[in-house]
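Working notes for the structure below.
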Amino acid sequence: MLQRWFNQAVERSQLNAGAAIAGAPNTLGLCVARDEWRQAAADMAAGGGRLLALWASRDGARGNIVRAAYVADAGALILSLPLGPGQADYPGIESWFSSAARMQRAVADLSGLASSDPDTRPWLRHAAWPQSYYPLVHAAAPPSALPVAGHYAFVPVQGDGVHEIPVGPVHAGVIEPGHFRFSVVGEKVLRLEERLGYVHKGIERRFTEFALLEGQRLAARVSGDSAVGFSWAYCQALEGMAQAHVPARAVWLRALALELERLANHLGDIGAVGNDAGFAFGLAQFSRLKERLLRAAEAALGQRYLMDFIVPGGTRVDLAADGAALLIECIDALGAEVDTLHTIYDEHAGLRDRFVGAGIVTPALAAKLGLCGLAGRASGQAFDLRCDLPCDPYGELAVNKCVRAEGDVAARVAVRFDEAGESARLLRRLLSHLPPGAHRVDVSIPDEGAMGVGLIEGWRGPILLALEAGAEGMIGRCHPHDPSWQNWPVIEHAVIDNIVPDFPLINKSFNLSYSGHDL
């Protein structure tokens, strides 16, 4: 049943005059009718497919379109549901993919297109703009219209001894804002409900004010710790639309940057999770190792954090003359210390007591909720775009998947250790086999109406970016999707039956993005 939708995409060729979508490999497109929209979701769920993203476009000339991106063994499939004139509703798919609920609520806030699913509470709309204003439709809010502060209806929990504990949205330190409403008996958590959206910055609207050849700069700033992943996804989509042939050296340099980003984040997180369990020594040591890696990246590639390293047609700069040797020396030194610290984490009784059995997400629950990325792999979800839908050069690198089945904090930490080691191996391979030649070519401006999709396995999980070309070389529509959309709702389940003081530890073991989620 699942395969038939991929077959139809080839046979019907209704999207952009062809079945293939430019950009990410093995990506097809298919226009469907209203009854097919829900049937496709049911077939995807039954066949083990994953919902990657759901978004909408409103265009006065072409009409309104709702899109959903799925991935399965056959590749990625972008389904498009055109809505008729004046039609602002579409069938919801939350029954098959629970992660679609918040995506559909965001679509309603940004575009005014409402799904048929029952949860119609605002998600991104925090009394920041008038009720009749939709950022992706109107150029500006009417000056006479004022935002309306509405009551957000959290789901209540009743019973003897049940109390609510509101936490946030403002937190201590430099943590991004998010509201967490705990229903507890004593310190035992019965229910957690999140409210996010406080970091909504109007990014999707801002994209439409960028030229196509400059949009990677904004993509890199969707979520700063995933700058390489988002900017590569943007350029992958753009270069596919423009039929640009990126030099082999540039492709390998991009993978080098992505694995540096992955390794740096894993080093930082392993230390932070240890700190949340009362092991400050771990934070100190891994912060030192991360700093050493960032300094090596700056010496070799010109930036500590590679925010503007990937550009259309390749990379902004080449590897420095002594960059390969410098990075290999750094990675070898880091590897030896990480191995020692791994042993310390495994043998530390206090850490094991806090990690093991905390925040469990079973493989069955992970599959049902669509948990993805490193958190998914810690719960038996063996899915990694670098292996399952690889873009160049990952097809040549033979990435090893790092998978655990326990689904607790200990498993998520173990996956980080494993992936740090695998990234170190990949970095050595990339540096020792870096192809010669140019690191950048010119990219032409795609024709108006062209569409491309980028798919990159960021350090958190699969990053999707859908790009549509507008008039005069401008962006018509750009939807960047962070895997945190899928994973934030899972934390609500992971914390059940744990105690309130363990929430920071469980939350940090996922370390999801607020900024990338609150577009």
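Judged by distance alone, with hydrogens and angles left aside, the side-chain atoms of Arg181 form no donor-acceptor pair with the main-chain N or O of Leu192 at under 3.5 Å. Thr27 places a side-chain N or O within donor-acceptor distance of the main-chain N or O of Ala24, the cut-off being under 3.5 Å. Checked by atom type and distance alone, the side chain of Glu457 never pairs as donor or acceptor with a backbone atom of Asp384 at under 3.5 Å. Side-chain atoms of Ser509 never come within 3.5 Å of backbone atoms of Val413 as a donor-acceptor pair (strictly under, hydrogens ignored). Looking only at distances, a side-chain donor or acceptor of Asp408 sits under 3.5 Å from a matching main-chain atom of Gly357. Distance alone, capped at 3.5 Å, is enough to place a donor-acceptor pair between the Arg412 side chain and the Gly407 backbone. Between the side chain of Arg460 and the main chain of Asn511, a donor-acceptor pair closer than 3.5 Å is present. A distance-only check finds a donor-acceptor pair linking the side chain of Trp37 to the backbone of Pro91 [under 3.5 Å]. A donor-acceptor distance shorter than 3.5 angstrom exists from the side chain of His481 to the backbone of Leu52, with no hydrogens or angles considered. A donor-acceptor pair under 3.5 Å links the side-chain atoms of Ser231 to the main chain of Val228, judged by distance alone.
For residues 67-104, every residue pair satisfying the ring pair (Phe, Tyr, Trp, His ring centres under 6.0 Å) rule, not counting sequence neighbours, is listed here: Tyr70-Phe97.
Look at Arg416 and Asp269 and you find a salt bridge, because one of the NZ, NE, NH1 or NH2 atoms lies within 4.0 Å of a carboxylate O, short of that distance. Taking a cutoff of 4.0 Å between a charged side-chain nitrogen and a carboxylate oxygen, Arg377 and Glu419 qualify as a salt bridge. In this structure, Arg206 pairs ionically with Glu209, as a charged nitrogen and a carboxylate oxygen lie closer than 4.0 Å. Using a 4.0 Å cut-off between charged side-chain N and carboxylate O, Arg102 and Glu193 make no salt bridge. A salt bridge is absent between Glu422 and Arg386; no separation between the charged side-chain nitrogens and carboxylate oxygens falls under 4.0 Å. Note on Arg67 versus Glu468: salt bridge recorded, some NZ/NE/NH1/NH2 to OD/OE distance being below 4.0 Å.
The closest side-chain heavy-atom distance from Leu136 to Arg477 is below 4.5 Å. Between Leu258 and Tyr394, some side-chain heavy-atom pair lies under the 4.5 Å cut-off. Counting only heavy atoms from C-beta outward, the side chains of Gln131 and Arg125 approach each other to under 4.5 Å. Between Glu194 and His179 there is no side-chain heavy-atom pair separated by less than 4.5 Å. Under the 4.5 Å side-chain criterion, counting only non-hydrogen atoms from C-beta, Leu77 is in contact with Trp5. Val222 is listed as a side-chain neighbour of Leu519, based on a closest heavy-atom distance under 4.5 Å. Two residues are said to be in side-chain contact when any heavy atoms from C-beta on lie closer than 4.5 Å; His266 and Trp459 meet this criterion. Here the side chains of Leu455 and Leu389 are in contact, with some heavy-atom distance below 4.5 Å.
Counted by atom type alone, Asn265 and Glu261 present zero donor-acceptor pairs between their side chains at under 3.5 Å. Inspection of the Ser183 and Arg191 side chains reveals no N or O donor paired with an N or O acceptor under 3.5 Å. A donor-acceptor pair shorter than 3.5 Å can be found between the side chains of Asp117 and Gln104. No side-chain donor-acceptor contact under 3.5 Å links Ser99 and Trp485. With hydrogens and angles left out, the side-chain atoms of Gln39 and Asp35 include no donor and acceptor closer than 3.5 Å. Ser513 and Ser223 share a donor-acceptor pair across their side chains, judged by distance under 3.5 Å alone.
Residue-environment remark: CD (Glu472) stays at or below the threshold of 12 foreign heavy atoms within 6.0 Å. In Gln243, the CD atom is not crowded: 12 or fewer heavy atoms of neighbouring residues, nucleotides or ligands sit closer than 6.0 Å. No more than 12 heavy-atom neighbours from other residues, nucleotides or ligands sit within 6.0 angstrom of CG on Asp447. More than 12 heavy atoms of other residues, nucleotides or ligands shown are found within 6.0 angstrom of NZ on Lys201.
Closest non-hydrogen pair, Gln216 versus Ile310, comes out as CG-O, 3.5 Å. Of all the heavy atoms in Pro489 and Ser484, the pair that sits closest is CD-O, 4.4 Å. Minimum heavy-atom separation, Ala101 to Glu94: CB-CD, 3.7 Å. Nearest approach of Ser116 to Gly92, heavy atoms of both residues: OG-N, 2.9 Å. Across all their heavy atoms, Ala20 and Leu28 have their closest contact at CA-CD2, 4.0 Å. Across all their heavy atoms, Leu51 and Ala68 have their closest contact at CD1-CB, 4.2 Å.
A distance of 8.0 Å separates CG in Leu212 from CE in Met474, rounded to the nearest 0.5 Å. For the atom pair Asn507 CG and Phe180 CZ, the distance stands at 5.0 Å (nearest 0.5 Å). The line from CG of Leu30 to CG of Leu79 is 5.5 Å long, rounded to the nearest 0.5 Å. Atom CD1 of residue Ile491 and atom CD1 of residue Ile496 lie 12.5 Å apart, to the nearest 0.5 angstrom. Here CD1 of Ile93 is found 10.5 Å from CE of Met44. Values are rounded to the nearest 0.5 Å. Leu213 CG to Leu238 CG: the interatomic distance, rounded to the nearest 0.5 Å, is 6.0 Å.
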Before giving the answer on side-chain contact (heavy atoms from CB on, under 4.5 Å), spell out for Val500 and Val189 the whole-Å C-alpha distance, their side-chain angles and the decisive distance to 0.1 Å. CA-CA 6 Å; Val500 174; Val189 179; 3.9 Å; yes
Derivation of the ring-ring contact (aromatic ring centres under 6.0 Å, His included) call for His138 and Trp129: CA-CA 11 Å; His138 305 111; Trp129 60 80; over 10 Å; no
So Trp488 and Tyr514, ring-ring contact (aromatic ring centres under 6.0 Å, His included) or not? Walk me through it. CA-CA 9 Å; Trp488 269 119; Tyr514 296 80; 4.9 Å; yes
One pair to check against side-chain contact (heavy atoms from CB on, under 4.5 Å): Thr120 and Arg105. What are the steps and the verdict? CA-CA 6 Å; Thr120 59; Arg105 291 163 64 186; over 6 Å; no
Stepwise side-chain contact (heavy atoms from CB on, under 4.5 Å) test for Asp89 and Ser115: CA-CA 6 Å; Asp89 66 290; Ser115 80; over 6 Å; no
Run Val199 and Glu176 through side-chain contact (heavy atoms from CB on, under 4.5 Å) and show every step you take. CA-CA 8 Å; Val199 201; Glu176 291 181 283; 3.8 Å; yes
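Between His200 and Trp123, the ring center distance fails the sub-6.0 Å criterion.
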